[in-house]
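These numbers come from a predicted model, not from an experiment. Just so it is clear: chains get the letters A, B, ... in the order the sequence lines come, proteins before strands, and each one is counted from 1.
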Amino acid sequence: MAAGGSATDYVQHHLVHASVGEGFWTLHIDTLIVSWVLGLVFLGVFYSVARRASVDAPSGIQTVVEACVEFIDNQTRESFHGPREFVAPLALTIFVWVLLWNLMDLLPVDLFPVLVKMLGFEYVRILPSADMNATFGLSLTVLLLIIIYSIKGKGWGGFGKELIHHPFGSHPLLWPANLMLNIVEMIAKPVSLGMRLFGNLYAAEMIFILIALLPIWAQWVPGVAWAIFHILVIPLQAFIFMVLTVVYLSLAYEEH
Amino acid sequence: MGINITLFGQMITFTVFILFTMKFVWPPIKQAMSEREKRIQDGLASAERASHELELAKEQGAAHIREAKSQAAEIIEKANRQGASLVDEAREEARTVAERERVAAEARIEQEVSQARAALRKEVSELAILGASRILEREVDPKAHQQMLDQLTEQV
């Protein structure tokens, strides 16, 4: 716990992003940098393995990477029955990237704030999943992909027809209701995706911050317990995000 | 907190990452994996084939051995039969030779007997003549009594 100030100040201090700009044009530097670094770690590791991929004698790291690829490949093959050249790498990117984001939650809540304070900055939040901009950045991209895949799978006409004919029927009087429902459904998908990840990780971060408010000798037991529980949540949330994305794309791509 | 321009930064980053993964990460790893899978499959298939061939070779070997055994038995049997027939032949030949010898010996004996008999007859007739001449105290003309003598000889 930072010296001085009330508990409220402490918590609020931990919930402010390192940012530049005003209003809508604010840029969360911490979210961007952390997610870039983690993404580059992911791409760097996977790319170096991909470049030196050995058929006969896979190294240890290659085995790990292949396990990930195999896992994602199986998941996408089960859910998505179209061409998977894009969907499978998409799922891999989501899974590993979100997993790495979520892992940031396990770092001590005060570690980075103290470090950046030494560098002269006031605020930092290193957990991208607890920033709506990051989670909705993913889920809105997924929404765009859903639209693209709908058009790719059914054509413009098919997609348009589905928007106004589904689910109640093709009677012209029902068109507005159908369209309304479909728009709500389409918006609900990215919102639920983004909110689920954000909500879980934001809450978890908050609990870590609250645990950090306890006296130092009392932090261990709840801290360890919550971290162990959280080890389950971290891959689970990454997995859910990945699977739902693939399922949404599969629904969009296939004829109903 | 709140939605701001960071969102778009994240969307762009995400898109770039996906495209990078799709272009440079996924295909080589997947290819290496499927290549390995294929090799393992090939290896398993060839192992299966090899074991199948081994079985076949074993069967063939057993068949060869069986054949050789039966051939050997046949040869032995033939040899036995040949040996037996050789012995039979030899026995037969010996028998015919012995028979021939016996016949010849018998003929010789017969001949000697008849010779001896003839000689005996002659001697007897001479003795008879001698005896008769002694009895008659005179010379008997053998020619005159030839017929009688012959009869006598026949009787001896």
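Minimum heavy-atom separation, A:Glu70 to B:Met33: OE1-CE, 3.2 Å.
Between chain B and the options A:Ser48, A:Pro89, A:Ser139, heavy-atom pairs under 4.5 Å are most frequent for A:Pro89. When the candidates A:Leu138, A:Ile94, A:Leu144, A:Thr31 are compared by the number of heavy-atom contacts under 4.5 Å with chain B, A:Leu138 comes out ahead. For the options B:Gly9, B:Pro27, B:Ala32, heavy-atom pairs under 4.5 Å to chain A are most numerous at B:Ala32. Comparing B:Arg36, B:Met11, B:Lys23 by how many heavy-atom pairs each has under 4.5 Å with chain A, the most go to B:Arg36. The choice from B:Phe17, B:Trp26, B:Phe20, B:Phe8 that makes the most heavy-atom pairs within less than 4.5 Å of chain A is B:Trp26. Taking A:Ala88, A:Gly39, A:Ala134 one by one and counting their heavy-atom pairs under 4.5 Å with chain B, the maximum is reached by A:Ala88. Ranked by non-hydrogen atom pairs under 4.5 Å with chain B, the options A:Leu92, A:Thr135, A:Leu145 are led by A:Leu92. Your options are A:Trp36, A:Phe42, A:Phe136, and the one with the most heavy-atom pairs under 4.5 Å with chain B is A:Trp36.
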Give the C-alpha distance, both sets of side-chain angles, the deciding distance and a yes or no for side-chain hydrogen bond (donor to acceptor under 3.5 Å, both in side chains) between A:Ser35 and B:Gln10.
CA-CA 8 Å; A:Ser35 57; B:Gln10 285 296 78; 3.1 Å; yes
Start with the C-alpha gap between A:Phe46 and B:Phe24, add the side-chain angles, then the distance that decides, and say whether ring pair (Phe, Tyr, Trp, His ring centres under 6.0 Å) holds.
CA-CA 9 Å; A:Phe46 275 61; B:Phe24 301 110; over 10 Å; no
Check the pair B:Thr15 / A:Thr141 against side chain to side chain contact (heavy atoms under 4.5 Å, CB included), numbers first and verdict last.
CA-CA 8 Å; B:Thr15 311; A:Thr141 313; 4.0 Å; yes
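One distance of note links CD1 of A:Ile72 with NZ of B:Lys30; it measures 11.5 Å at 0.5 Å rounding. The CG atom of A:Asp131 lies 7.5 Å from the CD1 atom of B:Ile3; values are rounded to the nearest 0.5 Å.
In this structure, B:Phe14 and A:Trp97 have parallel ring planes: the angle between them is below the 30° cut-off, well short of the 60° mark.
Side chain of B:Thr21 to main chain of A:Thr93: no donor-acceptor pair is present (N/O by atom type, distance under 3.5 Å, no hydrogens or angles). Judged by distance alone, with hydrogens and angles left aside, the side-chain atoms of A:Asn133 form a donor-acceptor pair with the main-chain N or O of B:Asn4 at under 3.5 Å.
Side-chain contact check for B:Thr6 versus A:Leu32: some heavy-atom pair is nearer than 4.5 Å.
Taking 4.5 Å as the heavy-atom cut-off, the residues of residues 51-67 of chain A that approach chain B are A:Ala53, A:Ser54, A:Val55, A:Asp56, A:Pro58, A:Gln62, A:Val65, A:Glu66, ordered by number.
Heavy atoms from other residues, nucleotides or ligands lying under 6.0 Å from CD of A:Glu122 number more than 12. The neighbour count for B:Gln31 CD, taken as heavy atoms of other residues, nucleotides or ligands under 6.0 Å away, does not exceed 12. Residue-environment remark: CD (B:Glu106) exceeds the threshold of 12 foreign heavy atoms within 6.0 Å.
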